[in-house]
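Structure first, then comments.
By convention here, the first residue in the shown sequence is residue 1.
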Amino acid sequence: MNRARKLVASSVSSLLTRRAYSPPPSTSFWCNPVLTKIANNHLIRESLQPPSSSANKPLWLRFSGRGFCSEGSCNDKRISSVCWNCGSSSEKAAFLFCESCRSIQPIDDSVDYFQIFGLEKKYELDAGSLEGIYKDWQKKLHPDLVHNKSQKERDYAADQSAKVTEAYRTLTKRLSRAMYIMKLNGKNVNEEDTITDPTLLMEIMELREAIAEANDSKELDQIRSQVQEKQKQWSDSFVEAFESHRFDEAVKCIQRMTYYERACEEIVKKL
């Protein structure tokens, strides 16, 4: 009986004690002590123990010949994406299709609007190129092209299409693009903040009066051209302030662009 107990204790000890695996930092990730993964239709469970001398160090794990890293535990900021259908992983987030099984993926909030269109994260961009990529995405996401997919994938395609449209509308306009790129840099802008500059307030009042008193479309078009020129000037000022990391000035530029944007909207309503 004592011998049987010793054998059981020995087996349990061997299961709970495993050699820690330490791959290179770029292929590692923090993990729970127990990992469950389905690979090749087999259920795999691995129990891990941290090195006894490193309470604050990550636990390392190796399986399927790959290493994974959570964003918070690595210096490498690459995104890891795992397909919901086949389980394959990628070092970059899959926006539309899985590269392995081509199944449509759900929206990944880590993919920003610039990444959707393959653009560098900067304020100035090529509007023509943006439009061309947008049309290409919409063709790929058209309901007629995904009608033979599962309901889950059709729903994912609809969500992806909505995000592409939202991204396109945001990046197309100067004002919304400025606010979005500030948001990506951790600067949320409240466009409703009151402007106290008396010179600008007087200019806005005179502009609104001119719009209200305009009698024909020709006069309104002339006012709109002037407003758009003002908006372009403040847009250029925003670029200079943003690229110089003078974010307070950049916010003021956005607030002024907001006023001119609203003036253009009033003109369009009256045309």
Could you tell me if the side chain of [Y] sits less than 4.5 Å from the side chain of [X], heavy atoms only?
{"X": "Gln222", "Y": "Ser225", "answer": "no"}
{"X": "Tyr259", "Y": "Leu207", "answer": "no"}
{"X": "Asn190", "Y": "Gln255", "answer": "no"}
{"X": "Thr258", "Y": "Ile254", "answer": "yes"}
{"X": "Val239", "Y": "Glu124", "answer": "yes"}

Looking only at heavy atoms, which two atoms of Arg154 and His147 are closest? And how far apart?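 What the structure gives for the nearest pair is NH1-O, 3.5 Å.
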Can you name the nearest heavy-atom pair linking Met257 to Tyr123, along with the distance? CE-OH, 3.7 Å
Using modelled atom types only, decide if a donor and an acceptor are shared between the side chain of Lys230 and the backbone of Tyr260 within a distance under 3.5 Å. no
Taking Ala157's backbone N and O only, do any of them form a donor-acceptor pair with Ser161's side chain (distance below 3.5 Å, no angle check)?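 Looks like no, no N/O pair under 3.5 Å.
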Scan side-chain atoms only and decide if Glu219 and Asn215 contain a donor-acceptor pair under the 3.5 Å cut-off. no
Any donor-acceptor pair under 3.5 Å linking the side-chain atoms of Glu99 with those of Ser88? no
Is it the case that one hydrophobic cluster holds both Ile116 and Leu184, taking links as side-chain heavy atoms less than 4.5 Å apart, direct or via other members?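 Yes, it is one cluster - the side chains of Ile116 and Leu184 are joined through contacts under 4.5 Å.
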Other residues, nucleotides and ligands only: do more than 12 of their heavy atoms fall within 6.0 Å of NZ on Lys270?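 For Lys270, atom NZ is crowded (more than 12 foreign heavy atoms under 6.0 Å).
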Report, as yes or no, whether the 6.0 Å neighbourhood of atom NZ on Lys163 holds more than 12 heavy atoms from other residues, nucleotides or ligands.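 Correct, the count exceeds 12.
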Under the ring pair (Phe, Tyr, Trp, His ring centres under 6.0 Å) test against Tyr113, which residue among Tyr180, Trp137, Tyr168 passes? Tyr180
Should the pair His245 and Phe247 be assigned to parallel (<30°), tilted (30 to 60°) or perpendicular (>60°) ring geometry? perpendicular
With a 4.0 Å cut-off, would you call Lys135 and Glu131 a salt bridge?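 So Lys135 pairs with Glu131 through a salt bridge.
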